[in-house]
There are 2 protein chains.
Amino acid sequence: MKTTTIYDVAKEAGVSIATVSNAINGKGKVSKKKRDEIFKVMERLQYQPSVIASALMGKKTYTLGLLIPDVSNPFFSEIARTVEDLAHSEGYSVIVCSTDNRNERVEKYLRLLEQKSVDGILIGTGMENGELLTQLAEKSVPIVMIARESADVSAHSVLTDDFKGGTLAAEHLLELGHRRMAIVSENFEVSSSIERVRGFRFALFEKGIGLEDGSIVSSDSSIKAGKKAAETLLQATERPTAIFCVNDILAIGALQAAKEAGIRVPEQLSIIGFDDTILSTVTNPALTTIAQPMDQMVKLAFGLLIKDADGDDAIRQRIVMSPELIVRESTGKPTLEA
Amino acid sequence: MKTTTIYDVAKEAGVSIATVSNAINGKGKVSKKKRDEIFKVMERLQYQPSVIASALMGKKTYTLGLLIPDVSNPFFSEIARTVEDLAHSEGYSVIVCSTDNRNERVEKYLRLLEQKSVDGILIGTGMENGELLTQLAEKSVPIVMIARESADVSAHSVLTDDFKGGTLAAEHLLELGHRRMAIVSENFEVSSSIERVRGFRFALFEKGIGLEDGSIVSSDSSIKAGKKAAETLLQATERPTAIFCVNDILAIGALQAAKEAGIRVPEQLSIIGFDDTILSTVTNPALTTIAQPMDQMVKLAFGLLIKDADGDDAIRQRIVMSPELIVRESTGKPTLEA
DNA sequence: TTGAAAGCGCTAACAG
DNA sequence: CTGTTAGCGCTTTCAA
């Protein structure tokens, strides 16, 4: 069955295609009579206007790109869902792109999105190569960064104050009485992770507390890798009483390492994560973590993206949101020991 | 900066657009010399062919639609990731559509995808309305159903033997010695859930064991709802020694209900889930569950979709995969009691 | 109010 | 080998 086009509708309704187009888009003046007739025919023929064709005429494609490290990571899949709903309510659809934080993938996807003339791109993944992005921006593809930032990219961004998040984590642990702490960070030079670590260390520093050698380890962002990283930390002669993990995935790895080593959480070891994903509510003990106001962030980012797409060439914005400490069960007072 | 078109490249390289097109697509014969020149120019001008324009010529859009109930549900986000990777390796991008199993959303998305002339649609969500799908199929949009099935839809489908999955769960519990069991099922009339329950009951039936009244409860597919459902089950005068949940999300709810009621798992209560999502590895105790060979299923489905898109109008296929029992920590022998 | 016609960027014959 | 030309389905002047 051939797809029905605007021509079919026009012919059937006994008008010109221009009139059909006008009727559909509410442009120009179309007599009520003809319009009704046209809509009736469209209905009968099950006519669906081709987004492709109208996009070719320079109209919008009503398609957005979303770049994130990995959709199957709950933190990002939650973002994806929020973006999708927002987009959907405005008539857009979203192409999801998992980059694994790998630059080649980022570039390939960016190219793909450009070729498909998406109306905008939301970036929630690391970007070493700001150049490509700048090129895109020049071609007037609206871009906004979410929960990530890249110094050399000139695009709106809405992010969490990661430094403060790290500080929050540290203060919580400090307040509980911890003094010997450790950190599991991320391998990739992800700016947010780096800031989280910096914030954490700074808060300790302010209390005159330092981190011992070897008590910061980096790891891939997977449970298994996080577990391994935590294991090395737990094997130290003077085991830390608390571990700060720069995201929930890592924290879960740490939880598992502790369980396997027979170390009770939070009695013998406190663990704190970051992101407040669904995972943190599911573990046992449930994970204390730092929450980013993701829904709001996505909403803001989306707003910027669409506004931009509509031609508003507002000046570059950088919106920073405040993270929040969510205390659950994985942190507690350190037990007194040597 | 205006987007550079094939005309710009042609002019700059001193050839016709046809030659450029041929060079790009490796069609016809283009002398090496010109081709090199053309590629050089493309590079310099940063030319990106417009998928839009070539799609309008009846070529592929290299875009696929993926309909699932909810990307933020780990089971589906894992599917999404697999699909995305496969698609990506073939040059496709995928539009993710979360339907919440709601028919209106399904329809709206399907329309959207049609308008965007996607090359194919993967459906992993419930479908009451087979009609729309049939229409699409007639318009020769390839469709394949994954992990779901709809009787009145004529499309390929690759699914798990859910009945057998239910049986597997029952047999495991039976072997452990359980006799008083209960089920948490899903609200929506999702065919797979229904089959899982049927399989479970059938296995019990074969052993001459029945389910008591009120020991099957339905629930929305959320942790909270699963928890509530499990709570009612656990309040029965003769509490079940094992609960079969038709998916991991529900099982986690059950886990939490047990924890809150002070019932130890698996000592006092066995819980078994379905899907083998990342969640099941994260809980404590880790969840015994039934795994579907999702990677393979997605691979098969994707293959069918693409092959179909390439014009092969193969006869309708229905591939059924075998589920597998994954024993972890949430199931064990029932403790002897009243 | 309506319609004819000119593209949007690209591909596919069909001539040279 | 290479260029010319006619669309793909739609929007948009510009006349009528």
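Within every chain, numbering begins at 1; the chains are lettered A, B, ... in the order of the sequence lines, protein sequences first and strands thereafter.
- Relative to the side chain of A:Ala53, the nucleotides C:dG9, D:dG3, D:dC10 differ in distance, and D:dC10 lies closest.
- A straight line from CE of A:Met42 to C1' of D:dG9 spans 15 Å, rounded to a whole angstrom.
- The distance from atom CG of A:Asp36 to atom C1' of C:dT1 is 15 Å, rounded to the nearest whole Å.
- Within the 4.0 angstrom heavy-atom criterion, base atoms lie near A:Ser21.
- At the phosphate of D:dT12, OP1 or OP2 sits under 4.0 Å from a side-chain N or O atom of A:Lys27.
- A side-chain N or O of B:Tyr92 and one of B:Lys60 form a donor-acceptor pair less than 3.5 Å apart.
- Nearest-nucleotide mapping onto DNA chain D: of A:Met57 and B:Ala18, the residue sitting toward the 5' end is B:Ala18.
- The nucleotide whose nearest atom lies closest to any side-chain atom of B:Lys34 is, among D:dG3, D:dC10, C:dG9, D:dG3.
- Under 4.0 angstrom from either OP1 or OP2 of D:dC10 there lies no side-chain N or O belonging to A:Lys59.
- Here the nucleotide nearest the side chain of A:Asn22, chosen from D:dT12, C:dC10, C:dG9, is D:dT12.
- Checking C:dG9, D:dT11, C:dC10 against every side-chain atom of A:Ile6, the shortest atom distance belongs to D:dT11.
- In this structure, the NZ atom of A:Lys33 is 14 Å from the P atom of C:dT1, given to the nearest Å.
- With hydrogens and angles ignored, the 3.5 Å screen pairs no side-chain donor or acceptor of B:Gln48 with any backbone N or O of A:Arg111.
- B:Arg35 places its CZ atom 14 Å from the C1' atom of D:dT2, with the value rounded to the nearest Å.
- Distances shown here put a side-chain N or O of B:Ser31 below 4.0 Å from the OP1 or OP2 atom of D:dT2.
- Taking 3.5 Å as the limit, the base of D:dC10 and the side chain of A:Tyr7 contain a donor-acceptor pair of atoms between them.
- Remark: B:Asp295 does not engage B:Arg81 in a salt bridge, criterion side-chain N to carboxylate O under 4.0 Å.
- Residue A:Thr19 places at least one side-chain N or O under 4.0 Å from the OP1 or OP2 atom of C:dG3.
- Regarding B:Glu37, its CD atom lies at a distance of 16 Å from the C1' atom of D:dC1, rounded to whole Å.
- The existence of a salt bridge linking B:Asp36 and B:Lys40 is excluded, since no basic side-chain nitrogen approaches an acidic carboxylate oxygen closer than 4.0 Å.
- The side chain of A:Ser16 contributes an N or O atom lying less than 4.0 Å from OP1 or OP2 of C:dG3.
- Under 3.5 Å, the side chains of B:Asn101 and B:Thr125 contain a donor-acceptor pair of N or O atoms.
- When distances are taken from the side chain of A:Ile17 to each of D:dG3, D:dT11, C:dC10, the shortest belongs to D:dT11.
- Rounded to whole Å, the distance from CG on A:Leu56 to C1' on C:dT11 is 13 Å.
- Taking only side-chain nitrogens and oxygens, B:Thr5 never comes nearer than 4.0 Å to OP1 or OP2 of C:dG9.
- The CD-P distance, from B:Gln48 to C:dC10, rounds to 11 Å in whole Å.
- Checked for salt-bridge contact, B:Asp85 and A:Arg105 meet the test: a charged N lies under 4.0 Å from a carboxylate O.
- Rounded to an integer number of Å, the gap from NZ of B:Lys60 to C1' of C:dC10 is 17 Å.
- Proximity of B:Asn25 to the phosphate of C:dT11: a side-chain N or O atom is located under 4.0 Å from OP1 or OP2.
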